[in-house]
A.B. asks: 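Next up is a structure, given as structure tokens.
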Amino acid sequence: MDLELSDDQFELRDNIRAVLDGACPPAVVRAVYEETGTSDELWAQMTELYWPALGIAESDGGLGMGFVEIALLAEELGRAAVPGPLLAVVSQFIPMLAEAGASGLLAEVATGARVGSLAYAERGRWGPDAVATVAVQDGDGWSLTGRKQAVLGGVHADSFAVVARADSGDLGAFLVARDDLVVVAPEVIDPGLGLADLVLENVSATVLLAPDADVAGSLERVTQQAAVAMALHTVGACRRIFEVTLEYAKVREQYDKVIGSFQALKHRFADMFLSVERANAVGYYAALAIAENDPARAEAAHIAKAAAGDCQRLLVQDGLQLHGGIGYTWENDLHFLLKRAKAGDALCGSRAFHRAALADVLGLVPETAS
Amino acid sequence: MKLRFDESVEAFRSEFLEWLAVNRPPAEEIDADPPRSSAYVPRWAAAFTRRMFDDGWLVPGWPPERGGRNAGAIETLVYLEELNRAGVPRTTNPQGLGIIAPSLFDYGTDEQIEKYAMPLLRGETSACLGMSEPDAGSDLANLKTRAVRDGDNFIINGQKVWTSGANYADFCFLFCRTDPDVPKHQGISIILLPMDTPGVTVRPLTEIVAPDFPDLNEVFLDDVILPVENLVGDLNNGWRMANGSLAHERSMVWLMGVMGMESAMTELLAAAPGLLADLGPQERALAVDEIAGLHIDTVAARCLGYRGFARFVRTGSAPEQSLMKLYSTEARQQLARFAAELLGPDSLRTGTGRHGEAGSLEAYFTTFGTTISAGSSEIQRNIIAERVLGLPRG
């Protein structure tokens, strides 16, 4: 097992990071927070660079890269707390369209002409059991009724892949145009995520995955990609928290010494570093298992998201605490990263959700209770 | 990035597995005379070491005349994986094979290599590492055992402690102060000490569990006379060599830690359904969450270790060694703690041998050997903070 990035992957990461350093400095994130600007220009730059097309097959008009490269992108987007819909597009919408074999749609997404997201979670819960939105066959098409919550990039999307349940009890996936449903954008702590709730009342939809027993497997593959990308997105934010906190500890002086020379802090930095490395390593293990469609992919995905949850617990806690008062201010840029890391745990299944799912995969949950 | 090794590596694995199937020591011989100290060499272990040496499987990365076959780092990793998986102890003298012999190859004279290193590789002798002292534990450079030049000899006085295997070893790789008038890191030398030299007294230290099988010892040195040709490397260069020695040690530690954790986790998962079945729903839910967390730690240990290893193969350096030492030993300890908690009153039973059975409190206490020795967890955190993260020394 080789979990180190290849030279090409390092180069891709460096390229992405260089672009984001220039195009998405904290001032751009701040403008979105303070409603003095939008992420539109950034999105235009990303589509010019074909970032939405990275993970789309070449036959569908994309660049044909694997899921490890998508994971890299997700991590870098987290590192800069990037606002806008790209994470939703590459890690949620595209995997669903690919699963559905929707070549024409993928070609539109590749150019940025179509912007979409996945509408899956309901009533605060991520997972197939939570899906109560109903799909009813209506002539050649389908009609959907229900409510979706916390759709990533939803305020930017023109299309939604909505997961809904048919009379048979089987789940299916459906494409709904933005104009056909009601998008509600609540005020959230990280406005860069573009989170939206969707209200669907007898909304007409075209089928992506027709409801049947096999859809469960497709959904698992899609939601694993969403969860692992969100895990690495979270870890990306956490690594940046770690870096800026470490930089601060090397210059901030008290008692005539830099505070980073105190052993009480050194040991916390060692533990933070370990937590980031741990979550990063299992994150890429899961990305690789998905890229190679290994049988361990489900287990690995749960581990990756749960470990990212452990990581953000520690890094948000200590990152803010060790910054002291300066980290508590709105003027300091740290809070963009803190909020992105916390949001990362709340989305695509929390630490607790994935630990419980892992216990299930390991056979620790008795049949009657699962 | 890839999940599987190349075919050539798998062919190497198969070749070793075929050899191991024929040559592994019989389980009944191991059970009859188990490893009990880090320098006690049972007959089966001596014979196995000799077979590995003769057939080039002792240290695959070394040349044939030293018991190897010039294998690469990835092949060596695969070899260690399979030995661990088979439950076959590679050596019952890890300090001798893993630290002292390679240090002699790096710094010793031809005569020292012939007289001290080669018999270790052939399973004929064993050795111990004389580093720690009562006032030099984590602060190793503070050691006070004094070696004074007297004509063609050194006269040595002092005391070592926590010396693993001194009660069975044939010789000691002894760290001494040879110049008390320079900064403490600059006045240390390494001298080869045959343990039967007059003036050497070994007192085993009975350990926290399994008192019948002491491994740690105090070693008292009273006017011990050794010829100057027993000096290893240059005079007063011991600290630099010590860092080399410890690097040898740490480069091996992580895989043992990972595989030890994996086998402990496998045992826990096998025992869990039976143990969980007796619990009420709330208690069971708490236990299941702990097991899930420990399983994440186990997988993470492997991922961290193999990634660090991949970096080492590509760049020749692996700053994560301290990270892996810290992580794998502490995670393993937490696993042992929880396994005992889950087992309940049965965890209190004793007499389960030196390392203890899975789930026993003896096994839990034994794990402290790994978080205290070879640079305690606290020292590893300092090393990470200062050498990896660049925080200033306090």
Side-chain angles (χ1 to χ4, degrees), chain A residues 1-7 9 66 68 242 246 249-250 257-258 260-263 265-274 277-289 291-292 294 296 299-300 302-304 306-307 310 352 354-366 369, chain B residues 1-6 74 77 265 268-269 272-273 276-277 281 284-285 287-293 295-315 320 322-324 326-327 330-331 377-378 380-386 388-394:
Chain A
M1 185 166 73
D2 176 359
L3 289 180
E4 182 63 306
L5 300 177
S6 69
D7 291 344
Q9 288 163 338
V68 173
F242 175 75
L246 183 64
K250 287 178 180 177
K257 286 180 173 177
V258 294
S261 66
F262 299 128
Q263 194 176 41
L265 269 62
K266 279 184 185 171
H267 284 199
R268 284 166 77 169
F269 277 107
D271 286 337
M272 282 191 272
F273 179 61
L274 182 54
E277 289 293 315
R278 171 183 184 267
N280 183 274
V282 296
Y284 279 101
Y285 165 59
L288 188 56
E292 296 192 3
D294 188 84
E299 179 189 331
H302 295 313
I303 289 172
D310 294 336
H354 287 282
R355 281 168 81 100
L358 174 63
D360 218 353
V361 170
L362 294 175
L364 295 170
V365 183
Chain B
M1 274 201 176
K2 53 193 177 202
L3 285 175
R4 318 250 171 256
F5 291 118
D6 293 340
I74 296 173
L77 177 82
M265 191 68 214
L268 180 61
L269 284 174
L276 292 170
R284 167 196 281 267
V288 163
D289 185 62
E290 289 234 33
I291 296 171
H295 181 68
I296 295 169
D297 287 340
T298 307
V299 174
R302 169 163 287 254
C303 292
L304 277 171
Y306 279 61
R307 186 171 66 180
F309 175 76
R311 283 182 188 163
F312 169 73
V313 169
R314 279 184 215 175
T315 67
E320 288 92 346
S322 291
L323 200 72
M324 278 309 295
L326 174 65
Y327 183 70
E330 290 199 337
S377 293
E378 290 66 35
Q380 301 304 330
R381 286 185 170 84
N382 286 349
I383 292 172
I384 291 167
E386 291 168 9
V388 181
L389 305 180
L391 288 168
R393 297 177 71 92

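Naming: A, B, ... by sequence-line order, numbering from 1 per chain.
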A.B. asks: So which residue, B/L326, B/L276, B/L269, ends up with the most heavy-atom pairs under 4.5 Å with chain A?
C.D. replies: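 Of B/L326, B/L276, B/L269, B/L269 has the most heavy-atom pairs under 4.5 Å with chain A.
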A.B. asks: Can you name the residues that form a side-chain hydrogen bond (donor to acceptor under 3.5 Å, both in side chains) with A/Y284, not counting sequence neighbours?
C.D. replies: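 For A/Y284, the residues satisfying side-chain hydrogen bond (donor to acceptor under 3.5 Å, both in side chains) (neighbours in sequence not counted) are A/E75.
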A.B. asks: Per the side-chain hydrogen bond (donor to acceptor under 3.5 Å, both in side chains) rule, which among B/R307, B/R314, B/K2 passes with A/D2?
C.D. replies: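 Considering B/R307, B/R314, B/K2, a side-chain hydrogen bond (donor to acceptor under 3.5 Å, both in side chains) with A/D2 is found only for B/R314.
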A.B. asks: Measure A/V68 against the heavy atoms of chain B and call it side chain, backbone, both or neither at under 4.5 Å.
C.D. replies: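 A/V68 touches chain B through side-chain heavy atoms alone.
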A.B. asks: Tell me, side chain or backbone of B/R302 under 4.5 Å from chain A's heavy atoms, or both, or neither?
C.D. replies: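 For B/R302, the contact with chain A is made by backbone and side chain together.
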A.B. asks: Is the side chain of B/R381 donor-acceptor paired with the backbone N or O of A/A270 at a distance under 3.5 Å, no angle test?
C.D. replies: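 Checking the backbone N and O of A/A270 against the side chain of B/R381, no donor-acceptor pair under 3.5 Å is found.
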A.B. asks: Please identify each residue that fulfils side-chain hydrogen bond (donor to acceptor under 3.5 Å, both in side chains) with A/S261, with sequence neighbours left out.
C.D. replies: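 Here no residue qualifies.
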A.B. asks: Between B/R4 and A/D294, is there a salt bridge with N-O shorter than 4.0 Å?
C.D. replies: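 So A/D294 pairs with B/R4 through a salt bridge.
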A.B. asks: Below 4.5 Å from any heavy atom of chain A, which atoms of B/I74 appear? Answer side chain, backbone, both or neither.
C.D. replies: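 Contact with chain A involves no heavy atom of B/I74 at all.
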A.B. asks: So which of A/I303, A/L288, A/V361 has the largest heavy-atom pair count under 4.5 angstrom toward chain B?
C.D. replies: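 Highest number of pairs under 4.5 Å: A/L288.
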A.B. asks: Could you pull out the closest heavy-atom pair between A/H302 and A/A357, with the gap in Å?
C.D. replies: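 Shortest heavy-atom contact: CE1-CB, 3.3 Å.
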A.B. asks: Between B/E386 and chain A, with a heavy-atom cut-off of 4.5 Å, which part of the residue counts as in contact: side chain, backbone, both or neither?
C.D. replies: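 B/E386 touches chain A through side-chain heavy atoms alone.
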A.B. asks: Please flag which part of A/D271 lies under 4.5 Å from any non-hydrogen atom of chain B: side chain, backbone, both or neither.
C.D. replies: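 Side chain only.
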A.B. asks: Mind listing the closest non-hydrogen atom pair of A/V258 and A/K250 along with its distance?
C.D. replies: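 The answer is CG1-O, 3.3 Å.
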A.B. asks: Is chain B contacted by the side chain of A/L358, its backbone, both, or neither, given a heavy-atom distance below 4.5 Å?
C.D. replies: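 When you check distances to chain B, only side chain atoms of A/L358 fall under 4.5 Å.
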A.B. asks: Non-hydrogen atoms of chain B under 4.5 Å away: do they reach the side chain of A/F262, the backbone, both or neither?
C.D. replies: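 Looking at A/F262, nothing touches chain B.
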